[in-house]
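Just so it is clear, the values below take in all heavy atoms, side chains as well, and ignore hydrogens, waters and symmetry mates. Just follow the structure's listing: the first ligand is 1, and inside any ligand the first atom is 1.
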Amino acid sequence: MTPELRPPRFVARFCEACGGRLERRPVLGRERLVCPHCGYVMYQNLRVGASVLVDMGQRTVLLTRRSINPGFDHWVLPGGYVEQGETVADAARRETREETGLAVALEGVLDVYAYRPSLVAVVVYLARPAGGALLAASDECFEIRPFIEAEIPWDRIAFGSTRDALRAYFARPAAP
Ligand SMILES: [Zn+2]
């Protein structure tokens, strides 16, 4: 993953409890963001993302070409952040529907991907289409298309999680 395509690190400058300016201080064995005004410790925990590897049949997988940063003009699995009040699986289905127009039936988790120092962990689901109609594009992408393994644009993949999920998927034996 090239540096400019790394997801944002979300390093906060102000306390989310009182608005005071945060400082770096040692807390519980490592340097953390601490508010000198109210004592709040702002832990830099990982955010959860959900992505979906949709098999359109015969190991043809769906990728979208991003029209926004990070990852502008690069290909990625449909997905996004899990919002408060929804499950990770809900987020996976919602993001896929918003970005591709497809309803999907999730078939389990392929793997969970996280890379230091990024503050994101991505749960990648395997899925099959279960309704809807494939869009030509969406708010976040120029185009959406299925790829067979030999067509995957490996030098134009936006994120490590998409690259590693595709590698893991195609390394599996094909279903009979
Ligand atoms: Zn504070």
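Every residue meeting the side-chain contact (heavy atoms from CB on, under 4.5 Å) condition with V48, not counting sequence neighbours, appears here in chain and number order: V82, V88, V123. In this structure E149 satisfies the side-chain hydrogen bond (donor to acceptor under 3.5 Å, both in side chains) test with no other residue, sequence neighbours excluded. Checked against salt bridge (charged side-chain N to carboxylate O under 4.0 Å, His left out), R128 has the following partners two or more places apart in sequence or in another chain: D55, E107.
Listed by chain and number, the protein atoms of type N/O/S under 2.8 Å from the Zn ion (ligand 1) are C15 SG, C18 SG, C35 SG, C38 SG; waters are omitted.
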(request) Check step by step if side-chain contact (heavy atoms from CB on, under 4.5 Å) holds for F170 and I152. (result) CA-CA 11 Å; F170 288 117; I152 300 285; 3.9 Å; yes
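Of all the heavy atoms in E99 and P78, the pair that sits closest is OE1-CA, 3.2 Å.
Of the charged side-chain nitrogens involved, none lies within less than 4.0 Å of a carboxylate oxygen, so that R66 and D73 do not count as a salt-bridged pair.
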